[in-house]
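Notes follow once the structure below has been shown.
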Amino acid sequence: MTDASALPGRPRGGVTTGPVTERAVNVLAPNPSAMTLDGTNTWIVSEPGSDLAVVVDPGPLDEGHLRAVVDTAEKAGRRVALTLLTHGHPDHAEGAGRFAEITGTRVRALDPALRLGDEGLSAGDVITVGGLELRVVPTPGHTADSLCFHLPADRAVLTGDTVLGRGTTVVAHPDGRLGDYLDSLRRLRSLTVDDGVHTVLPGHGPVLDDAQGAVEFYLAHRAHRLAQVETAVEDGYRTPSEVVAHVYADVNRSLWPAAELSVRAQLEYLEEHGLI
């Protein structure tokens, strides 16, 4: 068995419900799959001593999970005051409307279609609730509406699907674009270098204790895959499905449909830059 400390990003063991940093508590949704790993991580974030909390990504429309999130906050003496979304994929956002009904909260997101209330989210926004500070970091690429939330006090970043706790993420073409995704990874790398972020609180998988290592791994992985796709096209593999079968031959076939989305994004990127 590989030592977790030797893996990219230094993942922390298994994924469980409970405190992760001084300000962040995870409630794991019961929706594990090849795409969602152990399930969706729903984050409850609050300032120590405060009776207010922010929930990031309520997760799927699962009544038991949504109630468990509220119960976890209430057992800690906190009331959910605001709901935030990293992006609109159902495993993160489908339960947001029902969660808003249960908690009486607003839902803030980049995509206006996902919002409940007048306020959205945009680059540079600073969210303050009960003394807690979260900074909005735009990270399009996985999807056009993807955001991360910088938690300065814990030197952490909540990444949704932009960086996962295990494996790599999909550039969900055509909504997701590879050029945007690479820019977003560089933006996250700047957070690790310039702002001291060392912990990744991902939307799926274990917490990562080496944020810079994780982002550097993602950037290297994307460069490697892009070179593989470029070579595959040069060798005569033309369609996305042909490229997937050639380049992703070592990947479980159940993941090939998702891989094809990333390949389409890579082909688009190569075409835009005159490389194929």
Side-chain angles (χ1 to χ4, degrees), residues 5 7-12 20-24 41 43 45 47 54 56-57 84-87 89 92 108-111 120-128 132-173 175-227 262 265-266 268-269 272-273:
S5 65
L7 295 173
R10 295 209 315 268
R12 287 188 203 173
V20 169
T21 69
E22 189 175 10
R23 292 166 179 79
N41 294 329
W43 294 102
V45 193
E47 192 66 17
V54 175
V56 179
D57 289 350
L84 304 176
L85 298 178
T86 61
H87 66 296
H89 279 168
H92 293 258
R108 295 181 64 180
L110 179 62
D111 185 348
L121 293 170
S122 58
D125 284 352
V126 178
I127 299 159
T128 55
L132 177 77
E133 180 182 298
L134 288 169
R135 299 175 183 173
V136 177
V137 182
T139 50
H142 169 66
T143 61
D145 69 330
S146 287
L147 298 171
C148 292
F149 298 102
H150 178 199
L151 178 55
D154 280 350
R155 297 173 64 191
V157 60
L158 295 93
T159 55
D161 282 354
T162 298
V163 174
L164 305 178
R166 186 169 65 250
T168 56
T169 198
V170 172
V171 179
H173 184 272
D175 184 45
R177 294 173 56 85
L178 181 59
D180 291 341
Y181 186 63
L182 295 174
D183 288 342
S184 293
L185 290 176
R186 296 183 189 108
R187 192 170 296 119
L188 289 176
R189 181 172 57 187
S190 294
L191 281 182
T192 71
V193 173
D194 300 331
D195 296 276
V197 166
H198 61 64
T199 303
V200 173
L201 307 178
H204 303 282
V207 170
L208 301 177
D209 286 318
D210 177 14
Q212 185 173 351
V215 174
E216 294 287 1
F217 169 75
Y218 266 57
L219 283 165
H221 171 78
R222 282 294 163 203
H224 178 63
R225 283 297 195 206
L226 193 61
S262 285
Q266 290 168 77
E268 179 183 69
Y269 180 90
E272 289 174 347
H273 289 77

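These figures come from a predicted structure and were not determined experimentally. Basis for what follows: all heavy atoms, side chains included, without hydrogens, waters or symmetry-related copies.
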Taking all heavy atoms of Leu208 and all of Ala214, pick out the closest pair and write down the distance.
CD1-CB, 3.7 Å
Parallel, tilted or perpendicular: rings of His87 and His142 (30°, 60°)
perpendicular
Rounded distance (nearest 0.5 Å) linking atom CG of Leu185 with atom CD of Glu216
10.0 Å
Between the side chain of Asp154 and the main-chain N/O of Arg23, is any donor-acceptor distance below 3.5 Å?
yes
May I ask you to test the Arg135-Pro152 pair for a side-chain heavy-atom distance under 4.5 Å?
yes
Is it true that a side-chain atom of Arg155 and a backbone atom of Gly196 form a donor plus acceptor pair closer than 3.5 Å?
yes
Between Ile127 and Leu121, does a side-chain contact (heavy atoms from CB on, under 4.5 Å) hold up when you go through it step by step?
CA-CA 9 Å; Ile127 299 159; Leu121 293 170; 3.6 Å; yes
Flag, side chain of Arg177 to backbone of Gly141, donor-acceptor distance under 3.5 Å
no
Looking only at heavy atoms, what is the nearest atom pair of His89 and Ala172, with distance?
CE1-CB, 4.3 Å
Examine distances only and state if a side-chain atom of Thr86 and a backbone atom of Cys148 form a donor-acceptor pair shorter than 3.5 Å.
no
Using 0.5 Å steps for rounding, measure from the NE2 atom of His173 to the CD atom of Glu268.
4.0 Å
Quick one: does Ser122's side chain get under 4.5 Å of Val136's, heavy atoms only?
no
Which pair of non-hydrogen atoms, one from Leu134 and one from Leu158, has the smallest distance, and what is that distance?
CD2-CD1, 4.2 Å
Mind listing the closest non-hydrogen atom pair of Leu201 and Ala24 along with its distance?
CD1-CB, 3.7 Å
Looking at OG1 of Thr21 and CG of Leu151, how far apart are the two atoms once the value is rounded to the nearest 0.5 Å?
6.0 Å
For residues Arg222 and Leu178, determine if any side-chain heavy atom of one lies less than 4.5 Å from a side-chain heavy atom of the other.
yes
Quick one, Thr199 with Asp209, criterion side-chain contact (heavy atoms from CB on, under 4.5 Å). Give me CA distance, side-chain angles, the key distance, then yes/no.
CA-CA 5 Å; Thr199 303; Asp209 286 318; 4.2 Å; yes
Got a second to check how far Leu7's CG is from Asp210's CG, nearest 0.5 Å?
11.5 Å
Distance-only polar pair, side chains of His150 and Asp195, donor-acceptor under 3.5 Å:
no
Counting C-beta onward and ignoring hydrogens, is there a side-chain heavy-atom pair between His221 and His224 closer than 4.5 Å?
no
List the steps, then state whether side-chain contact (heavy atoms from CB on, under 4.5 Å) holds for Thr162 with Tyr181.
CA-CA 8 Å; Thr162 298; Tyr181 186 63; 3.9 Å; yes
So, does Trp43 use its side chain to make a donor-acceptor pair with the main chain of Val54 at under 3.5 Å?
no
Regarding Asp161 and Thr169, do their side chains bring together a donor and an acceptor under 3.5 Å, going by distance alone?
no
Atom pair CZ (Arg189) and OG (Ser184), whose distance is rounded to the nearest 0.5 Å:
12.5 Å
Side chains of Tyr269 and Leu182 in contact at under 4.5 Å (non-hydrogen atoms)
yes
For Ala144, is there any backbone N or O sitting under 3.5 Å from a side-chain donor or acceptor partner on Asp175?
yes
Test Val200 against Leu188 for side-chain contact (heavy atoms from CB on, under 4.5 Å), laying out the working first.
CA-CA 10 Å; Val200 173; Leu188 289 176; over 6 Å; no
Smallest heavy-atom separation, Phe217 atom then Thr168 atom, equals CE2-CG2, 3.8 Å
Residue pair Arg108 / Asp125, side-chain heavy-atom distance below 4.5 Å
yes
Please check if the side chain of Arg12 supplies one atom and the backbone of Val20 the other of a donor-acceptor pair under 3.5 Å.
yes
Which atom names give the shortest non-hydrogen contact between Arg187 and Val137, and what distance separates them?
CD-CG1, 3.9 Å
Less than 4.5 Å apart, side chain to side chain, heavy atoms only: is that true for Ser146 and Thr139?
yes
